[in-house]
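This report refers to the structure that appears directly beneath it.
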Amino acid sequence: MHFPILIDLTIVMALAVAAVYLCNLLKVPSIVGFLVAGIIAGPHGLGLVSASEEIEVLAEVGVVLLLFIIGMEFSFSAFKQMKKTLLMGGGLQVCLTLLLVAGVSLFLERPLGHAIFDGMLVALSSTAIVLNLLQARSELDAPHGRTSLGVLIFQDMAVIPMLLVTPLLAGGAAGAGQSGWMLLAKGAGVIVLMGVAARWLVPWVLERTVAARNRELFLITVVLICFAVAWLTASAGLSLALGAFLAGLIISESPYSHQAVSNVLPLRDLFVSVFFLSIGMLMDLSFLWANLWLVPLAALIVVLLKTITGGLATLVLGMPLRVALAAGLSLAQVGEFSFVLAQTGMAHGLLSNEIYQLFLNISVLTMLFTP
């Protein structure tokens, strides 16, 4: 009996172990190792992996669990404490980056909706990489660390409206526009329904589950809530990622959120590693070779632009120039949720295959540059 997915996962995970071990020796985040391993194993590298579609499915599960965890870890009390950094710093960084990138795209004769979408892709930074680096350097409580964290939390929250507005940006015709507004209406309906579930249904279910004093039952119930809400939003024409984030928010409002996070965290780490591996596999090295001057130049421009916008947002918060520069450099890469957004944009025709490869190459280079 032949199991291509099992063989491919074994090859990819073996490469990932070697790459992450090397990254650990070099004091580089493991995500960089996953990306490199994916590039080596992918169809554009050594071609060691054949069941790429199955691995992409696992990667999507990883994204769902990642957003689910972020939703569960989101605390409205923490939001109140970091309100200024979140709203002013994060809002300014996202808006400035979006406007500047959209302006460049318009100059390059991209349609308005496509240009705004380009800005959204570049505006997001990598929560996973930045937090990993700040924790490794014991700088999470430093001024630039706290500022970067506040901006990253705002960006993670901004992913949700970005996913909702993507169909609108793609709608050129009246019919497409009406479809976009219908999606927004469905999104509002789903959010109202989730509010009701968060207030009454989910706390009751979790309370009964905890009363049973069975760890496996609690874990299965939490994962069931995640996938059920994600399925509900996907059925409404929205994204799985949006549903997972909403499911996490619902559980975050219950007294059992910390227990839920500790139970799901190991699963999240496993599937997120598969997600970054799959991103590396999608990167076409022949495209990089054919555009050897364009891709590094564009990546450098993105890093400089995001350093400036992140630094300006930090200066507006009243921080000194040294802190602003450190925070700006921390936020200078393209983030993992940009890949989620890019796949949604591809589905709605906002990115061609060539532009998607350009975005992918730029993103991976900025992630590799960050450490």
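What you see is a predicted model; the values in this text were computed from it and never measured.
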- Query: Residues in side chain to side chain donor-acceptor pair (under 3.5 Å) with Gln259, at least two apart?
  - Reply: none
- So which pairs with a foot in residues 113-124 pass salt bridge (Lys or Arg N to Asp or Glu O under 4.0 Å), sequence neighbours left out? Arg110-Asp118
- Message: Is the shortest side-chain heavy-atom distance between Leu124 and Val334 below 4.5 Å?
- Response: no
- Looking at residues at least two apart in the chain, or sitting in another chain, which of them share a side-chain contact (heavy atoms from CB on, under 4.5 Å) with Ala324? Thr314, Leu315
- Interatomic distance, Phe337 atom CZ to Leu163 atom CG [nearest 0.5 angstrom]: 9.5 Å
- Task: Could you check if a side-chain atom of Ser148 sits within less than 4.5 angstrom of a side-chain atom of Leu134, using non-hydrogen atoms only?
- Result: yes
- Task: Return the minimal non-hydrogen interatomic distance between Ala244 and Cys226, and the atom names on each side.
- Result: CB-SG, 4.4 Å
- Query: Which heavy-atom pair separates Ala19 from Ala37 by the least distance, and what is that distance?
  - Reply: CB-CB, 4.2 Å
- Task: Please name all residues satisfying side chain to side chain donor-acceptor pair (under 3.5 Å) with Ser126, sequence neighbours left out, ordered by chain then number.
- Result: Glu336
- Message: Would you say Phe107 ends up clustered with Met120 if hydrophobic residues are merged whenever their side chains have heavy atoms under 4.5 Å apart, either directly or through other cluster members?
- Response: no
- Looking at residues at least two apart in the chain, or sitting in another chain, which of them share a ring-ring contact (aromatic ring centres under 6.0 Å, His included) with Phe117? none
- Report the C-alpha distance between Val101 and Leu121 in whole Å, list the side-chain angles of each, state the deciding distance to 0.1 Å, and finish with yes or no for side chain to side chain contact (heavy atoms under 4.5 Å, CB included). CA-CA 9 Å; Val101 174; Leu121 287 179; over 6 Å; no
- Message: Do Val104 and Ile301 make a side-chain contact, defined as non-hydrogen atoms from C-beta onward lying under 4.5 Å apart?
- Response: no
- Could you tell me the separation between the CG atom of Leu149 and the NE2 atom of His144, rounded to the nearest 0.5 Å? 11.5 Å
- Item | Residues in side-chain contact (heavy atoms from CB on, under 4.5 Å) contact with Leu46, at least two apart in sequence or another chain | Ile40, Leu48
- Would you mind reporting whether Leu358 and Asn291 have side-chain heavy atoms less than 4.5 Å apart? no
- Query: Taking C-beta and beyond as the side chain, do Leu169 and His114 meet within less than 4.5 Å on heavy atoms?
  - Reply: no
- Roughly how far, to the nearest 0.5 Å, is CG of Asn353 from CZ of Phe287? 10.5 Å
- Message: Is there a side chain to side chain contact (heavy atoms under 4.5 Å, CB included) between Ile279 and Leu360? Walk through the geometry before answering.
- Response: CA-CA 8 Å; Ile279 293 300; Leu360 203 61; 4.1 Å; yes
- Query: With sequence neighbours excluded, what pairs up with Ile220 under the side-chain contact (heavy atoms from CB on, under 4.5 Å) test?
  - Reply: none
- Listed once per pair and sorted, the salt bridge (Lys or Arg N to Asp or Glu O under 4.0 Å) pairs that draw on residues 287-307, sequence neighbours left out: none
- Item | ILVMFWY network linking Tyr21 to Leu277, side-chain heavy atoms under 4.5 angstrom | no
- When the ring centroid of Phe68 is compared with that of Phe227, is the distance short of 6.0 Å? no
- Taking every heavy atom of Leu217 against every heavy atom of Ala212, the minimum-distance pair comes out as CD2-CB, 3.7 Å
- Message: Looking at every heavy atom in both Ala247 and Val229, which two are closest together, and how far apart are they?
- Response: CB-CB, 3.7 Å
- Are Leu26 and Leu15 linked, directly or through other ILVMFWY residues, by side chains that come within less than 4.5 angstrom of each other? yes
- salt bridge (charged side-chain N to carboxylate O under 4.0 Å, His left out) partners for Glu207, two or more places apart: none
- Query: How far apart are the closest heavy atoms of Tyr356 and Ala342, and which atoms are they?
  - Reply: CE1-CB, 3.8 Å
- Answer yes if Leu288 and Leu368 sit in the same cluster of Ile, Leu, Val, Met, Phe, Trp and Tyr residues linked by side chain heavy atoms under 4.5 Å apart, and no otherwise. yes
- Check against side chain to side chain contact (heavy atoms under 4.5 Å, CB included), Thr370 and Val32: CA-CA 10 Å; Thr370 300; Val32 173; over 6 Å; no
- Taking C-beta and beyond as the side chain, do Ser363 and Met283 meet within less than 4.5 Å on heavy atoms? no
Result block: side-chain N/O donor-acceptor pairs under 3.5 angstrom for residues 90-100, not counting sequence neighbours:
| from | atom 1 | to | atom 2 | distance (Å) |
| --- | --- | --- | --- | --- |
| Gln93 | OE1 | Gln155 | NE2 | 2.7 |
| Gln93 | NE2 | Thr97 | OG1 | 3.4 |
| Gln93 | NE2 | Ala123 | O | 3.4 |
| Thr97 | OG1 | Gln93 | O | 2.7 |
| Thr97 | OG1 | Thr309 | OG1 | 2.9 |

- Task: State the CG-CD distance between Leu331 and Gln333, to the nearest 0.5 angstrom.
- Result: 7.0 Å
- Message: Please determine whether residues Leu285 and Leu365 belong to a single hydrophobic cluster, defined as Ile, Leu, Val, Met, Phe, Trp and Tyr linked transitively by side-chain heavy-atom distances below 4.5 Å.
- Response: yes
- Task: Return the minimal non-hydrogen interatomic distance between Phe34 and Ser273, and the atom names on each side.
- Result: CZ-CB, 3.4 Å
- Query: Between OG1 of Thr147 and CG of Leu152, what distance do you get to the nearest 0.5 Å?
  - Reply: 10.5 Å
- Item | Side-chain donor/acceptor of Glu354 to backbone N/O of Leu351, under 3.5 Å | no
- Item | Sequence-distant partners of Arg146, salt bridge (charged side-chain N to carboxylate O under 4.0 Å, His left out), two or more places apart | none
- Note, Met281 side chain near Ile39 side chain (heavy atom, < 4.5 Å): no
- Item | Thr307 and Leu325, any side-chain heavy atoms less than 4.5 Å apart | yes
- Query: Should Val159 and Leu341 be marked as a side chain to side chain contact (heavy atoms under 4.5 Å, CB included) after you check the CA-CA gap, both sets of side-chain angles, and the distance that decides it?
  - Reply: CA-CA 8 Å; Val159 172; Leu341 199 59; 5.5 Å; no
- Partners of Ala158 by side-chain contact (heavy atoms from CB on, under 4.5 Å), sequence neighbours excluded? Phe154, Met162
- Message: Between Asn361 and Gln357 (side chain of the first, backbone of the second, donor and acceptor by atom type, cut-off under 3.5 Å), is there such a pair?
- Response: yes
